Amino acid sequence: MNQKLRETIDDYYKTIKEIRPNYRTCYNSFLDYCDSYYSQYSLKELFKEHLDILDIKKACRLYIEKSKKATSIEAVQRFLTAMDFFYRYLKENDIICESLETGCRRKEIVHDICVNLNNELEQKIYLPFDGEQELKIVDEQIALLRNQNFYQLGQSIIYRLLVTYGFKEKVVINFKRCDFDRKKGNLLVNYNGENSIYINLPEDICQDLEEYCTLNMYEDRICLFTKSNGTPLTPDSMLGTLKSRLKKMNITNFTPTTVALYGVANLIERGLTLGEIKLLTGFETQKIEDVSQYLLTDENVDEVINEKIK
């Protein structure tokens, strides 16, 4: 056991426990992780020579595994914030760790942890598909789709609809042919039979939808988008070709839901209200709030809020 680390954490926690009581479990998991791998090192040796951001990711995973309530992006952010606060305290006492200088609570760190948890623990922590390199690869793969094949052209259109409007899977699957008005260039969104809205489509999507309807040989179909055999789409077949290609490139976070949540993130950043996003996308309130929380990962929340309310 690294007794000095435990004592230092205990001393620090005494100063924050009134305002950050839920950090105790974060620090306990960090202690357990360090006891398993680094118990033989002094406090300075641990942080100066051995600890890196990969260790923080692994310790966070341990925290998620041990806590039944820690099943969200917010829980991952909580752990990383707790580690940032503790490292700030260590620096004030002349203990430096180069790997932690840029901070633990960063969007790419949250993303990596959540993807790893989903893949290895089969959890469902939903987060947007928003890695810069991954988005570039998707664009490259879309450019390789055969636009004379209606199913592959449909995937290109669906992807652009998802990143632009954040539609939930069932919204896209339930689009009817009659929902697309070629003359007006709009699309009827009416996923629940109660609320409906016409959206004016960008010219490129509208033109490609016209081409798609011309190429789709199943003239008697009801649904706007179909599989290559003319039957209705399923979540697995919405982006089937793209998913298959990206999986071979070890990109595992590419699904209709994660792409749609990237679209939700865009809507949030464009200033749409929660109610407007819910009406447009079909996503429940919790998912929209999760994305909003995720977007704040790189932000100084105090500064952001105070700037908006001053």
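Keep in mind that this is a model prediction, so the values were computed, not measured. Values below: all heavy atoms of this structure, side chains included; hydrogens, waters and symmetry mates excluded.
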Practice problem: Could you walk me through whether L46 and C34 pass side chain to side chain contact (heavy atoms under 4.5 Å, CB included), step by step? | Solution: CA-CA 9 Å; L46 172 61; C34 291; 4.2 Å; yes
Practice problem: Answer whether the closest heavy-atom distance between the side chains of C60 and M83 falls below 4.5 Å. | Solution: no
Quiz item: Rounded to the nearest 0.5 Å, how far apart are OH of Y294 and SG of C114?
Solution: 7.5 Å
Exercise. Under the side chain to side chain contact (heavy atoms under 4.5 Å, CB included) rule, what do K168 and E284 come out as? Steps first, then yes or no, please.
Key: CA-CA 9 Å; K168 195 174 182 178; E284 58 272 26; 3.1 Å; yes
Quiz item: Do R105 and T81 meet the criterion of a side-chain donor-acceptor pair at a distance under 3.5 Å?
Solution: yes
Quiz item: After noting the C-alpha distance and the side-chain angles of I96 and F47, does the key distance pass the side chain to side chain contact (heavy atoms under 4.5 Å, CB included) rule?
Solution: CA-CA 6 Å; I96 305 298; F47 281 88; over 6 Å; no
Quiz item: Atom SG of C213 and atom CG of L153: how far apart are they, to the nearest 0.5 Å?
Solution: 9.5 Å
Practice problem: List the steps and the verdict of salt bridge (Lys or Arg N to Asp or Glu O under 4.0 Å) for E98 and K48. | Solution: CA-CA 7 Å; E98 293 295 333; K48 184 177 181 179; over 6 Å; no
Quiz item: Is there a donor-acceptor pair closer than 3.5 Å between any side-chain N or O of N266 and the backbone N or O of V163?
Solution: yes
Exercise. State, without any angle test, whether E203 and Q207 hold a side-chain donor-acceptor pair at a distance under 3.5 Å.
Key: yes
Exercise. Begin from the C-alpha positions of Y37 and Y33 and carry the test ring pair (Phe, Tyr, Trp, His ring centres under 6.0 Å) through to its verdict.
Key: CA-CA 7 Å; Y37 297 98; Y33 175 82; 4.8 Å; yes
Quiz item: For the salt bridge (Lys or Arg N to Asp or Glu O under 4.0 Å) test, which of R61, K58, K66 pairs with D32?
Solution: K66
Exercise. Would you please say whether a donor-acceptor pair under 3.5 Å links the side chains of S237 and T234?
Key: yes
Quiz item: In terms of side-chain geometry, is the basic nitrogen of E132 or K107 positioned less than 4.0 Å from the acidic oxygen of its partner?
Solution: no
Practice problem: Identify whether the distance between the nearest side-chain nitrogen and carboxylate oxygen of D94 and K44 falls below 4.0 Å. | Solution: no
Quiz item: Taking 4.0 angstrom as the limit, do R88 and E92 come out as a salt bridge?
Solution: no
Quiz item: Near Q40 CD, under 6.0 Å, is it more than 12 heavy atoms from other residues, nucleotides or ligands?
Solution: yes
Quiz prompt | Distance in Å, N190 CG paired with K176 NZ, rounded so as to fall on 0.5 Å steps | solution = 8.5 Å
Quiz item: Within a reach of under 6.0 Å around NZ of K184, are more than 12 heavy atoms found that belong to other residues, nucleotides or ligands?
Solution: no
Practice problem: List the steps and the verdict of side chain to side chain contact (heavy atoms under 4.5 Å, CB included) for Y262 and L135. | Solution: CA-CA 10 Å; Y262 175 71; L135 288 167; 3.8 Å; yes
Quiz prompt | Ring geometry between Y218 and F150 (parallel below 30°, tilted from 30 to 60°, perpendicular above 60°) | solution = perpendicular
Quiz item: For L274, does the CG atom have more than 12 heavy-atom neighbours from other residues, nucleotides or ligands under 6.0 Å away?
Solution: yes
Quiz item: In terms of ring plane angle, is the pair F167 and F175 parallel, tilted or perpendicular, where the classes change at 30° and 60°?
Solution: perpendicular
Quiz item: Parallel, tilted or perpendicular for Y27 and Y13, by the 30°/60° rule?
Solution: perpendicular
Quiz item: Who else is in Y198's hydrophobic cluster (ILVMFWY, side-chain heavy atoms under 4.5 Å, direct or via others)?
Solution: L188
Quiz item: Does the side chain of T214 come under 3.5 Å of the side chain of E211 through a donor N or O and an acceptor N or O?
Solution: no
Exercise. Kindly state whether the ring of Y212 and the ring of F225 have centres lying under 6.0 angstrom apart.
Key: yes
Self-check item: Validation row: D290, L127 side chains within 4.5 angstrom (heavy atoms)
Solution: no
Quiz item: E49: what forms a side chain to side chain donor-acceptor pair (under 3.5 Å) with it, not counting sequence neighbours?
Solution: none
Quiz item: Ion pair present between R24 and D10, side-chain N to carboxylate O less than 4.0 angstrom?
Solution: yes
Quiz item: CG of L145 to CD of Q155: how many Å apart, nearest 0.5 Å?
Solution: 6.0 Å
Exercise. With sequence neighbours left out, write down each residue that passes side chain to side chain donor-acceptor pair (under 3.5 Å) with S29, or none if nothing qualifies.
Key: none
